[in-house]
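Notes for the one structure printed next.
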Amino acid sequence: MAKLPIVIYPNPVLAEKCAPVTVFDEKLETLAKDMAETMYAAPGVGLAAPQVGQPIRLVVIDVTEEKNDLITLVNPVITEKSEEIAECEEGCLSLPGVWDRVKRPAVVTVRAQDLKGDFFERHCEGLLAVCVQHELDHLDGVVFIDHLSRLKKERDKKKLHKLKLEAQKKAKEDARNGTSPRD
Ligand code: NI
C-alpha cells in the first residue's frame, strides 16, 4: 500500500466529470486501498479518486471514530433522499484550512458497486449522509464551497489562497534556515 499525494483546489481535475469504472481488476483494488490509506493518514473521513488525480467514479469513506467501517463505493448513485435538510460544517482534504456550513438532504440511500462489481445499497444518515453526498459531488467536479453563496465562496477561496501563500513562505524560510518541515 502507498500513500498518495492529495490534489489541492483549484486543480482542474477537481472540476472534471469523472468516468464510470468499467474494469474491476487488481489495479482498481490497489487504488482503492491506497486511497483508504491516504484518507486515514490525512486524517479524513472520505476521499474521492479525483482528489488523488484519478478522474474515475471511485470513493472511499469511513466516518467511524474507531476507523473500522471502510466503505468503498464504485459508480455510486443516490437513489433516495429525504425532504428533511440538515446543515453541517464541512471541510475537504483538497481545500485545507477552509470549513463552512452546507445544507444537504439529511438522509440518503446510495447504490454502488463494490470492488468486484457487485451492486449493493446503503442507507446513510448523520455524518455518513453528509460525507456520501460530499464525496459524490467530487465525481461530478463539484466541491463543497460550490454550494455556498458567491460571497462566501469568494471569501473561502481568498482564505485558501492566503493559507497557500503562507505555507509557501514558511517552506522557503525553512529551506533558507536549512531545516525541512519533516525535521
Ligand atoms: Ni472533499
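In this text the structure is predicted, and so the values were computed from the model without any measurement. Order of appearance sets the numbers: ligands from 1, and atoms from 1 within every ligand.
- The closest side-chain heavy-atom distance from D100 to H147 is not below 4.5 Å.
- Inspection of the environment of the Ni ion (ligand 1) yields the following protein N, O or S atoms under 2.8 Å: C92 SG, H134 NE2, H138 NE2.
- Here side-chain hydrogen bond (donor to acceptor under 3.5 Å, both in side chains) pairs that include residues 35-51, with residues two or more places apart or in two chains, are Y40-D62, Q51-S94.
- Annotation: side-chain contact (heavy atoms from CB on, under 4.5 Å) contacts of K164 (sequence neighbours excluded): Q168.
- Side-chain N or O atoms of R111 include none that pairs as donor or acceptor with a backbone N or O of V77 at under 3.5 Å.
- Side chain of K159 to backbone of G97: a donor-acceptor contact under 3.5 angstrom is found.
- For residues 115-128, every residue pair satisfying the salt bridge (Lys or Arg N to Asp or Glu O under 4.0 Å) rule, not counting sequence neighbours, is listed here: E29-K116, D69-R122.
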